[in-house]
Amino acid sequence: MLERFWGPCKVPESASEQDSTLWGYFITLRKESTPPMNIKQQLAEHLAGQLDGIDSDTLAGLLEYPPNPEMGDVSLPCFKLSKQLRQAPNKIAEQLAERMPSHPLVLKAQAVNGYLNVFLEFTAFTRELVQEILTTADRYGSSTVGEGKTIVVDYSSPNIAKPFHIGHLRSTVIGNALLRIFSYMGYKCVGVNHLGDWGTQFGKLISAYLRWGSEEAVRQDGIEELLRLYVKFHDEAEREPALEDEARAWFAKLEQGNEQASQIWREFIDISLKEFDRVYDLLGVQFDSIRGESFYNDKTASVIEQLREKQLLEEDEGAHIVRLDAYDMPPAIMLKKDGSSLYHTRDAAAAIYRKNTYDFDKCIYVTDYAQNLHFQQWFKVIELMGYEWGSNLVHVPFGRVSLEGVRMATRKGNVIKLDDLLRQAIEKTLEIIEAKNPQMEGKEEVARQVGVGAVIFSDLSSNRIKDIVFTWEEALNFDGETGPYVQYTHARACSVLRKAGGGERLAIGGANAADAAGTATVAAELLNDDVSQLVMKQLAMFPEKVTQAMEKYEPSIVSRYLIDLAQSFNRFYHDCPILVDDAKLRSARLALVESVRITMSNGLRLIGLETPERI
RNA sequence: GUCCUAGUAGCUCAGUUGGAUAGAGCAACAGCCUUCUAAGCUGUGGGUCGGGGGUUCGAAUCCCUCCUGGGACGCCA
């Protein structure tokens with residue numbers, strides 16, 4: 001049975017009318033012959049029958065990719081099996097090599113030094129893989145493991161009235177990537193922005209605003225003006241300590257619902273959100289819920305009450321604490337001696353509210369690692385309160401950003417505002433485009449996509465726990481392992497596909513699989529050269545990379561993967577001419593290019609980058 | 001002081017549920033655009049995996065210890 005559809009399914013938004021016709025590759029597939037393509041899984045199941053008491057899942061976990069091609073394509077180290085089977089590793093490998101029944105995807109298997117090295121039957125492997133990628137298209141690499149489950153991701157969470165600087169970027173882009181990855185794995189995701197909109201600093205701001213500020217100035221300069229007022233307050237307060245009391249009084253009024261204080265405070269929030277929204281728009285980040293800490297003010301009392309009931313609360317030097325000695329942690333202060341709540345209390349209240357509202361299976365907090373202890377403490381408090389879902393709270397910490405090794409401090413003014421960084425990145429991209437591709441349409445839009453992509457990608461390209469030392473030179477470098485490099489490679493693939501012309505029929509089949517419609521079939525065996533094979537193996541790894549990224553809450557796994565894929569594709573692009581006269585070879589290579597284009601586009605979107613088709 | 005975390009090429013980093021010869025990029029140098037986008041590709045040089053012990057068939061990966069950087073440790077978040 002033949003199934004036909006147009007691919008790629010998505011007609012690019014930016015493409016002009018005539019462009020979209022070029023995208024109409026007519027792809028003919030045999031749908032019934034595309035089981036999910038997972039080499040490790042298939043091999044594990046195949047091997048499981050040969051070994052007593054070892055199931056396929058264990059085997060799949062043991063399988064690995066050998067460091068070089070002479071050692072095969074997938075291999076099974078038999079050392080761990082030797083204990084259970086009471087045989088020498090090389091014996092096990094040899095027996096497996098000899099006795100293994102034939103499998104369509106396996107060319108041969110060799111025993112080497114305790115490893116069973118499996119060489120793939122590349123024609124079959126390539127055919128199946130390409131079929132799967134072209135069939136699943138923008139869902140290639142996705143999964144349904146999360147179906148019916150909900151994940152709440154708390155990320156970004158900037159402070160009101162403070163500039164959004166590059167330190168806030170990490171939480172935003174990591175959280176956004178995790179949200180997309182979990183969604184891709186079938187989870188229902190709720191993105192939450194937990195604004196820092198409460199605390200004594202708002203008393204200071206109100207005080208400063210009334211003394212030296214004006215509505216016009218704030219309207220005009222936004223957060224810049226609020227920052228100026230905040231800094232001025234601190235300067236003045238050094239000379240006149242009475243200002244601190246005034247600020248405390250204003251915060252007290254704000255807490256009591258004083259009309260004037262509340263109105264000014266709301267104004268600060270509006271101003272700030274307006275600026276944040278501009279940044280979020282640029283970054284392509286959206287939230288399902290934006291609430292400040294203030295929202296949970298009236299919900300902390302219930303937390304305290306429950307702690308009392310459970311006899312967890314203890315008075316100490318006037319403050320109320322929960323002892324955590326049994327868990328090797330210092331006590332968590334839940335109430336100050338003046339009776340007001342702290343962030344432990346508010347975070348706990350927020351978690352309970354979210355559990356009631358979203359009934360999450362997991363709630364993830366993306367913050368820098370300075371808050372490690374804080375989260376461990378209140379997670380434990382939630383558990384002690386009797387909420388068994390306390391163990392489903394996850395802190396995802398990341399490293400800190402500094403400037404040339406010096407810590408950023410808003411009040412000292414040594415911060416890089418994200419706005420400035422993005423603007424410079426976009427500007428530089430535009431310059432490069434003017435120099436290399438001046439006749440391109442929609443230059444501004446592409447510059448935005450690539451400039452912003454460069455910034456996001458560089459934040460996601462290394463392990464999130466690593467500290468980052470910011471330098472302009474590095475931030476604006478677009479060569480090598482960067483976002484622009486991956487996007488450029490993607491655009492290259494798009495360009496070849498475009499040049500191939502519309503209406504070309506790409507039929508994916510085996511060498512002998514004559515198509516019922518009489519279409520020329522893509523001959524997978526023409527992709528058996530080393531360079532093409534490397535690309536195919538790389539493509540096959542995408543699904544497990546996405547899974548790993550999810551399990552480890554580590555978007556950089558996807559970023560690194562995209563670099564690897566781009567590298568192997570660029571080698572292919574360089575070594576193998578695609579638009580050749582030989583129709584069969586041309587179709588085969590185009591099928592590879594289309595597979596790369598799909599996979600790269602999926603990966604880029606997962607980490608929050610856009611996928612321009614021309615750069 | 002206690003606890004957490006990081007330390008891999010000159011620089012930035014991959015690689016850590018223990019596996020085969022530790023890999024990329026940047027920078028440096030040498031090549032490749034009359035051919036599908038040179039933001040690209042190829043090659044060269046570059047390593048006591050912080051030091052020292054240990055565990056074992058095997059350690060960058062696990063354990064102990066020391067050194068260095070970062071962080072947290074009761075009324076900020």
Side-chain angles (χ1 to χ4, degrees), chain A residues 61-62 64 66-68 70-71 75 77-80 82 88-89 112-115 117 157 159 194 196 198-201 293 316-321 328-338 340-344 346-347 367-374 376-377 397 399-400 402 405 407 429 432-433 435-437 440 450 454 458 461-463 465-469 471 473-474 477-489 491-500 556-557 559-560 563-564 566-567 569-580 586 589-590 593 614-615:
Chain A
L62 288 174
E64 57 186 38
N68 73 58
E70 292 92 72
M71 296 165 174
S75 77
C78 300
F79 308 96
K80 275 177 192 144
S82 79
V112 182
N113 300 330
Y115 289 86
N117 290 338
S157 309
N159 291 323
H194 190 68
W198 205 244
T200 47
Q201 72 269 26
E293 294 166 74
D316 196 81
E317 295 174 36
H320 288 76
I321 63 169
D328 292 320
M329 283 189 276
I333 304 185
M334 306 306 287
L335 276 184
K336 298 192 219 173
K337 58 179 150 202
D338 68 2
S340 55
S341 68
L342 279 120
Y343 63 145
H344 282 121
R346 282 199 286 274
D347 275 351
T367 80
D368 78 58
Y369 59 59
Q371 297 185 53
N372 275 350
L373 177 61
H374 162 67
Q376 294 324 306
Q377 284 181 310
R400 299 155 72 93
S402 62
R407 192 167 162 175
T429 307
I432 296 175
I433 293 173
K436 307 207 170 194
N437 204 356
M440 187 175 69
V450 176
S458 82
S461 59
S462 58
N463 246 311
I465 204 67
K466 299 265 185 185
D467 288 332
I468 293 178
V469 177
T471 62
E473 195 192 350
E474 229 170 293
N477 170 35
F478 297 167
D479 298 329
E481 301 173 335
T482 64
Y485 171 72
V486 179
Q487 285 173 319
Y488 172 80
T489 308
R492 258 184 159 178
C494 291
S495 176
V496 180
L497 291 164
R498 206 165 38 229
K499 291 251 162 68
S556 69
I557 290 176
S559 320
R560 310 282 336 164
I563 301 259
D564 291 342
Q567 279 172 349
F569 176 72
N570 277 325
R571 205 165 304 140
F572 167 85
Y573 181 90
H574 183 265
D575 292 357
C576 307
I578 297 154
L579 301 176
V580 292
R586 176 184 164 109
R589 289 187 171 161
L590 277 171
V593 175
R614 297 163 197 263
I615 285 187

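In what follows, chains are A, B, ... by sequence order, proteins preceding strands, each numbered from 1.
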Q: Pick base, sugar-phosphate or nothing for Pro331(A), based on heavy-atom distances below 4.0 Å to the nucleic acid.
A: nothing
Q: Once you round it to whole Å, what is the distance between P of C41(B) and CD of Gln567(A)?
A: 7 Å
Q: Between U48(B) and A60(B), how far is it from one P atom to the other, in whole Å?
A: 14 Å
Q: With pairs defined as Watson-Crick or G-U wobble and both distances under 3.5 angstrom, please note down RNA chain B as a dot-bracket string, | for pairing with another strand.
A: (((((((..((((.....[...)))).(((((.......))))).....(((((..]....))))))))))))....
Q: Who passes side chain to side chain donor-acceptor pair (under 3.5 Å) against Thr489(A), sequence neighbours left out?
A: Asn570(A)
Q: What interatomic distance, in whole Å, is found between C1' of U37(B) and the corresponding atom of C32(B)?
A: 16 Å
Q: With heavy-atom distances below 4.5 Å as the criterion, would you say the side chains of Pro577(A) and Arg589(A) are in contact?
A: yes
Q: With a 4.5 Å limit on heavy-atom distance, are the side chains of Asp316(A) and Ile333(A) in contact?
A: no
Q: Rounded to whole Å, how long is the line connecting atom CG of Asp368(A) with atom P of U5(B)?
A: 16 Å
Q: Using a 4.0 Å heavy-atom cut-off across all strands, classify Asn68(A) as base, sugar-phosphate, or nothing.
A: base
Q: Pick base, sugar-phosphate or nothing for Ile333(A), based on heavy-atom distances below 4.0 Å to the nucleic acid.
A: base
Q: Indicate the atoms forming the closest heavy-atom contact of Phe79(A) with Asn113(A), along with that distance.
A: CZ-O, 3.5 Å
Q: Considering only the C1' atoms, how many Å lie between A59(B) and G53(B), rounded to the nearest integer?
A: 14 Å
Q: Quick one: Phe478(A) CZ to C26(B) P, roughly how many Å, whole number?
A: 15 Å
Q: Quick one: the side chain of Ser75(A) and the base of A20(B), do they pair up donor-acceptor inside 3.5 Å?
A: yes
Q: Starting at the 5' end of RNA chain B, which residue's closest nucleotide do you reach first, Ile465(A) or Trp198(A)?
A: Ile465(A)
Q: Check every strand shown and say whether Gln487(A) touches a base, only sugar-phosphate, or nothing at a heavy-atom separation below 4.0 Å.
A: nothing
Q: So if I define the base as every atom that isn't primed, P, OP1 or OP2, how would nucleotides 31-36 of chain B read as a B/S/- string at a heavy-atom cutoff under 4.0 Å?
A: -----B
Q: Please give the distance between the C1' atoms of A38(B) and A20(B) as a whole number of Å.
A: 37 Å
Q: Check Pro77(A) against Leu62(A) and note the closest heavy-atom contact, atom names and distance.
A: CD-O, 3.4 Å
Q: Closest approach to the side chain of Val112(A), judged atom by atom: which nucleotide of C26(B), A20(B), U37(B) is it?
A: A20(B)
Q: Mind checking salt bridge (charged side-chain N to carboxylate O under 4.0 Å, His left out) for Asp479(A) and listing every partner two or more places apart, or none if nothing turns up?
A: none
Q: Starting from the 5' end of RNA chain B, give me the residue, His194(A) or Ile563(A), whose nearest nucleotide shows up first.
A: Ile563(A)
Q: Write out a two-atom table: protein N or O, nucleotide N or O from nucleotides 56-65 of chain B, distance below 3.5 Å.
A:
none

Q: Could you pull out the closest heavy-atom pair between Ala370(A) and Arg400(A), with the gap in Å?
A: CB-NH1, 3.2 Å
Q: Determine the interatomic distance between P on C76(B) and the same-named atom on A14(B); round to the nearest Å.
A: 37 Å
Q: Applying side chain to side chain donor-acceptor pair (under 3.5 Å), can you list everything that pairs with Gln567(A), at least two apart in sequence or on another chain?
A: none
Q: Please report the shortest heavy-atom distance between Gly196(A) and Asn159(A), naming the atom on each side.
A: CA-OD1, 3.5 Å
Q: Apply side chain to side chain contact (heavy atoms under 4.5 Å, CB included) to Lys337(A) and list each qualifying residue two or more places apart in sequence or on a separate chain.
A: none
Q: Using the P atom on both, measure U2(B) against U12(B) and round to a whole Å.
A: 30 Å
Q: In this structure, how many angstroms lie between the C1' atom of C73(B) and the CD atom of Gln371(A), rounded?
A: 14 Å
Q: Quick check for you: to the nearest 0.5 Å, what is the distance between Ile321(A) atom CD1 and Leu335(A) atom CG?
A: 11.5 Å
Q: Find the distance Leu335(A):CG to G74(B):P and express it as a whole number of Å.
A: 17 Å
Q: Between Tyr488(A) and C41(B), does any side-chain N or O lie under 4.0 Å from OP1 or OP2?
A: no
Q: Would you classify Asn113(A) as touching base, sugar-phosphate or nothing, given that sugar-phosphate means primed atoms plus P, OP1 and OP2, and contacts are heavy atoms under 4.0 Å?
A: nothing
Q: Rounding to the closest angstrom, what is the interatomic distance between A72(B) and G54(B) at atom C1'?
A: 31 Å
Q: Which nucleotides of nucleotides 10-16 of chain B have their base under 4.0 Å from a protein heavy atom (B), which only their sugar-phosphate (S), and which neither (-), written as one string 5' to 3'?
A: --SSSS-
Q: To the nearest Å, how far apart are His374(A) NE2 and U5(B) P?
A: 19 Å
Q: In whole angstrom, what separates Asn570(A)'s CG from G40(B)'s P?
A: 8 Å
Q: Is the glycosidic angle of C49(B) within 90° of 0, making it syn, or outside that range, making it anti?
A: anti
Q: Please enumerate all residues that pass side chain to side chain contact (heavy atoms under 4.5 Å, CB included) together with Tyr343(A), with sequence neighbours excluded.
A: His374(A)
Q: Check every strand shown and say whether Ala319(A) touches a base, only sugar-phosphate, or nothing at a heavy-atom separation below 4.0 Å.
A: base
Q: If I pick the P atom on C49(B) and the same atom on U5(B), what distance separates them, to the nearest angstrom?
A: 23 Å
Q: Closest approach of Ile615(A) and Asn437(A), non-hydrogen atoms and distance?
A: O-ND2, 3.0 Å
Q: Please work out if Gly61(A) contacts a base, only the sugar-phosphate, or nothing of the nucleic acid, heavy-atom cut-off 4.0 Å.
A: base
Q: Rounded to whole angstroms, how far apart are CG on Leu373(A) and C1' on C4(B)?
A: 9 Å
Q: Looking at every strand, decide which applies to Gln201(A) at a 4.0 Å heavy-atom threshold: base, sugar-phosphate, or nothing.
A: nothing
Q: Under the side chain to side chain donor-acceptor pair (under 3.5 Å) test, which residues partner Asp564(A), sequence neighbours left out?
A: none
Q: Does Ser461(A) have any side chain to side chain donor-acceptor pair (under 3.5 Å) partners at least two apart in sequence or in another chain, and if so, which?
A: none
Q: Quick one: is A77(B) close enough that its OP1 or OP2 comes under 4.0 Å of any side-chain N or O from Arg346(A)?
A: yes
Q: For Met440(A) and Ile433(A), which heavy atoms make the closest approach, and how far apart are they?
A: CE-CG2, 3.7 Å
Q: Not counting sequence neighbours, which residues clear side chain to side chain contact (heavy atoms under 4.5 Å, CB included) with Pro397(A)? List them please.
A: Tyr369(A), Asn372(A), His395(A), Arg464(A), Ile465(A)
Q: Between A20(B) and Asn117(A), counting only base atoms on the nucleotide and side-chain atoms on the residue, is there a donor-acceptor pair under 3.5 Å?
A: yes
Q: Between the base of G74(B) and the side chain of Asp316(A), is there a donor and acceptor pair under 3.5 angstrom?
A: yes
